[in-house]
Every structure is written in C-alpha cells, then in structure tokens.
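Sharing a structure, written as structure tokens. Questions coming.
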2 protein chains.
Amino acid sequence: MNAGRTARDRARAELTAEIKDEARRQLGVYGADGLSLRAVARELGMVSSAIYRYFPSKDELLTALIVDAYRALGVAATAADQRLPERDLRGRWQAVCHAVRDWARANRHEYALIYGSPVPGYTAPEITIAEANKVPLVMVRVLRQAWAEGTLRPTRDSGVLSDGLAEQCRTLAEAVAPELPPEVLARAIVCWTQLFGMVSFELFGQLVGSVDPSDEFFAYAVDVLADLVGMPS
Amino acid sequence: MNAGRTARDRARAELTAEIKDEARRQLGVYGADGLSLRAVARELGMVSSAIYRYFPSKDELLTALIVDAYRALGVAATAADQRLPERDLRGRWQAVCHAVRDWARANRHEYALIYGSPVPGYTAPEITIAEANKVPLVMVRVLRQAWAEGTLRPTRDSGVLSDGLAEQCRTLAEAVAPELPPEVLARAIVCWTQLFGMVSFELFGQLVGSVDPSDEFFAYAVDVLADLVGMPS
DNA sequence: CCTCATTCGAGAGCACTGCTCTTGACTCGG
DNA sequence: CCGAGTCAAGAGCAGTGCTCTCGAATGAGG
C-alpha cells in the first residue's frame, strides 16, 4: 500500500510512523505523561510546531498510540490462542490469559496507557473500543468452541443471574455468540475482569507484600478461572 | 490535638489542611494531572511559591492525598463491615465489596489516584502501603471469623496450589492470619484482585458496551466470589 | 514546461507549568 | 526586646502544548 502515491505522501507516511515510534519509545522510558511533543520533535531533529502537521494535538498522538497498543495486545492474544492445538480448549484459554500478562509486562507503559486511569480530560474515541474488544473476542471464541463440543462444565454453587443481568448478557450474546446462555457469558465476564484486575495489580505494584513474584499466583488464578467458566480439563 | 501549640503552628496546620482540601477539590474536577500547584495557590489567594512552605514538591502533595484516599477507603470498608450483625458473615463480606465500589464511584479521581496507573516517575512511598492494606485486612477479618466457626465451604474443582504459591500464602498467613490454610488465602487474594479489577473496569470505562450499568453484574460477581471463597449462605 | 495553490519546516510568541532564590516583613522564645 | 526562625511575595528559569506567520519546496493542471 506504499507504492501508489507521490513522494510527498510517502514522506508523510514515513514521518508519521517515525513520530509514533519515537513517541512510543519515550512512553516506554518516561511513562504516559512524561511524553513531550517537543522532546519527540527534538529527537527527530525537527521543530515542535512541525509535529502539528502530522498530529493535530497531543491527544491525537496519544490516541494513535492507544489504538496501536490495543491492536498489539489483540495480536498477542490471538497468536497465543492459535499456537496451541485447536482441541486443547483449556490450554488455549489459559494461553490467552498468560499472553495478556506477558504482553503487559513487556510493554508496561503501553498497558498503563490503555488499562490505567484515563488521561486528563481525554475520553476514549470510538475508534479505540473496536480494538479493545479483540481480547474478549478471542476468549469468547474458545468458549463457543467448548460450548459447541458440549464439554463446558462450570463450577456449581455460583450465583444466579438477576433479570437485568440476564437481559444484558442476552443482548451481548446476540452480538457475539448467540448460542451462549447468559450464565456462561456472565462467568466469562467475571474471568475477563479478573484477568485484567490481576495484571493491573501486578504492574501497578499493588501486589507487593503479598504474592509478589506473582507468576505462580497468576497461574493458579487462571486455573481457578478456567474452572469457574467450565473449561474441560 | 489542636490546642497545644503556638498560633503559628495552628495557622500552619490549618493552611496545610486547606491546601489539601483545595487540591482534592481540583483533583475531583480536573483529574490527577490537571492538578496544578499554581492553581491551588491562586484559589487560596496566595502565591505559588508559598505552597512550598507546606509541601516540598507536588509529589509530596500527591502522596498526602494518596494516603488520605487509602485511609478514606479503608474507613468506608470498615464501616460497611461493622454496620451488619457480626454473625452475618456472607453479608459482611459482600457489604465490604459493595462499599469499595460505592466509595470508588463517589470519589473516582481519588480512586484513580490510588488504583490507576502510577504517576510519572513517582514510586509509592512506604507510608502508603500500610494504609493500602486496610481493605484486604477487613476482608481477612471476616474470613478468619468464618474459619473459626468452621462454616467456610469453598467451591470444589478449583486448582491446587503450587509449592511456591503455598509458601507465599503461608508467609502471608503468618503475618495476618496464622490459622488460615494457604488454600483459603489464595482464594481470598483472587477475590481481592477481582474486586478491584471490576471497580477499575467500571470506572475506567472498559465495561462500556458489555454490562454497562454494572450494578447487577457487580452484585452477581460479588456473589460468585463469596461462593469461591466459601462464605456460608 | 510553467504556474500557482497546497503543503511543509522553521521560528517567534502566548499562556501555562513546577520549582528556586532572594527580599523584606512577621512571630515568638530566651 | 531582640535575634533566630518562619513566612508570603515576587522575579526568574526551564520546560510544556499550541498558534500564527513566513519563506521554501512540491506537485497537479493548464
């Protein structure tokens, strides 16, 4: 998709990418609000105002980085899923969870950007939420397959859905997995929030003092969650 | 503790409190890094440099607000626990969870301050972690009581602890609840991360598009968690 | 090939930030 | 009552995001 335009257009595309790369680099070093347009420009040998030819504001740059981060995380999760034999449903489910954690640990500032506290007055533009849905969709895909096989065996003893929640789950199911009963989806959402809750706690230092090197705890929790949602062992 | 000092000391204490109050107010309106020392000073009718007589840096002010936030959250959780009859263990457990969510929703910027992405280069000082432990301690207290009564009935089917994790849990137990077996503590930690994961997702807008008015989902999840940890019904 | 609108980088400048240093007043304990 | 300690104020530094203007490069239409 690079060939078909003028030299100016190609230069523009390249510079846009370079700006994002440098911004991402600074993000990794100094964190989310250590990012400075002027510093990015300086590093690229241009003047700060030139950046505005490519990104109309700092927020727009941030948004681009956010979208990229969501996409990268989605790719990582998808890859982890596909790396395993299709029949190994529990393995795939757990692999996705571990992929999320691994990616987050390897790109902590980008993770903080998308799952940390939202930046200043900035509200996530529409475009980001499509990318944000990638990880849950991968999880749902595994879930659907297990459901189709009839091997889903959720733990007992776990709460009944209120009418409103059941309705919400049914609406959600219509969009992504019509055949899944609300009970299954509700548990999946619990798993989803748990997954990111653990990763955030680990990365944001909330786990210090309890289960600090948290590899084993994470593996344990992922196992518990697989049981909760009923992944066959 | 106010009486016993000179007028200057009292003035100092008052001004310190006023600065914190105004900072907290601005935090609530503009969010964590919309907070400006100059703006605080302006609002208080003083000049920016005067603030430095009371807080040596912006980070120190932030730290003070963080400590206060942890304390307020701890107080809210404790109060919720004590509001219920001592025998209603499951109710108390769930009330603590709901109190955390309610406090977070009512003080979203303060919540973001303590459970969102850590600020710039800032690392949480020792002082904060003691306050941060309040909520888990309240949960552990309920857990110990249930354990003492022998009414704890965890769900089956849930993973075995690896050696390392069991060791971590035993170490942790020694500090807070020597009689609790590592299995119980591990599940409690899962609940703890789940609780804050849900609250963060809700407040940070990650739930939009799935279970958005999340009251019912939250109640459901809290119920599931109570089962997981084995709270008697 | 030439023209002219569009696009671009550079620079100056605005309003803001956190923070430091100095100066001249105020307060209070010995 | 006076000197040490504390205070608010102001100027100033280095940095920020962002806007505007001005020459120069570019490239599409005539």
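We use all heavy atoms of the structure for the numbers below, so side chains are in, but hydrogens, waters and symmetry mates are not. Remember, predicted model here, so these are calculated numbers, not experimental data. Chain letters run A, B, ... following the sequence lines, proteins first and then strands; every chain starts at 1.
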Phosphate OP1/OP2 of C:dG9: any A:Y54 side-chain N/O under 4.0 Å:
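Yes, A:Y54 has a side-chain N/O under 4.0 Å of OP1/OP2 on C:dG9.
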B:H98 and B:F218: aromatic ring centres closer than 6.0 Å?
yes
Donor-acceptor contact present, side-chain B:E167 to main-chain B:S162, <3.5 Å
no
Check each residue of residues 36-49 of chain B for a non-hydrogen atom within less than 4.0 Å of any atom in DNA chain D, then write out the ones that pass by number, or none.
B:R38, B:M46, B:V47, B:S49
Interatomic distance, B:D59 CG vs C:dG18 C1' [rounded to whole Å]:
10 Å
In sequence, state the C-alpha distance, the side-chain angles, and the governing distance for B:M46 and B:L15, and then conclude on side-chain contact (heavy atoms from CB on, under 4.5 Å).
CA-CA 11 Å; B:M46 60 199 325; B:L15 245 179; 4.2 Å; yes
Taking atom P of C:dA12 as reference, at what distance in whole Å does atom OH of A:Y52 sit?
18 Å
With A:E22, which of A:R25, A:R24, A:K20 fulfils side-chain hydrogen bond (donor to acceptor under 3.5 Å, both in side chains)?
A:R25
Mind checking if A:L61 touches a base, just sugar-phosphate, or nothing, with heavy atoms under 4.0 Å?
nothing
Taking the side chain as every heavy atom from C-beta outward, state whether A:V184 and A:L143 have any pair of such atoms under 4.5 Å apart.
yes
To the nearest Å, give me how far apart CG (B:D9) and C1' (D:dG5) are.
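Nearest whole value for this atom pair: 12 Å.
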For side-chain hydrogen bond (donor to acceptor under 3.5 Å, both in side chains), just list the numbers for A:Y111 and A:S200, CA-CA rounded to whole Å, side-chain angles, deciding distance to a tenth of an Å, and then say yes or no.
CA-CA 9 Å; A:Y111 178 87; A:S200 293; 2.8 Å; yes
Measuring to OP1 and OP2 of D:dC7, would you say a side-chain N or O of B:R12 lies under 4.0 angstrom away?
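Result: yes.
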With sugar-phosphate meaning primed atoms plus P, OP1 and OP2, does B:L35 contact a base, only sugar-phosphate, or nothing at under 4.0 Å between heavy atoms?
sugar-phosphate
Quickly work out the B:D33 CG to C:dC16 P distance and round it to whole Å.
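It works out to 18 Å between those atoms.
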Checking the side chain of A:D81 only, and the main-chain atoms of A:A77 only, is there a donor and an acceptor separated by less than 3.5 Å?
no
Let me know the distance between CZ of A:F55 and P of C:dT7, rounded to the nearest Å.
17 Å
Could you state the atom-to-atom distance from CZ of A:R8 to P of C:dA5 in whole Å?
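That distance rounds to 15 Å.
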Rounded distance (Å) that lies between atom C1' of D:dA9 and atom CG of B:L15
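So the CG-C1' distance, B:L15 to D:dA9, works out to 14 Å.
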If you look at every strand shown and take non-hydrogen atoms under 4.0 Å, does B:I51 touch a base, only sugar-phosphate, or nothing?
nothing
Which nucleotide, C:dC19, D:dG17, D:dG27, lies nearest any side-chain atom of B:K58?
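The closest nucleotide is C:dC19.
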How do B:S57 and B:R53 order along DNA chain C: which one's closest nucleotide is nearer the 5' end?
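The answer here is B:S57.
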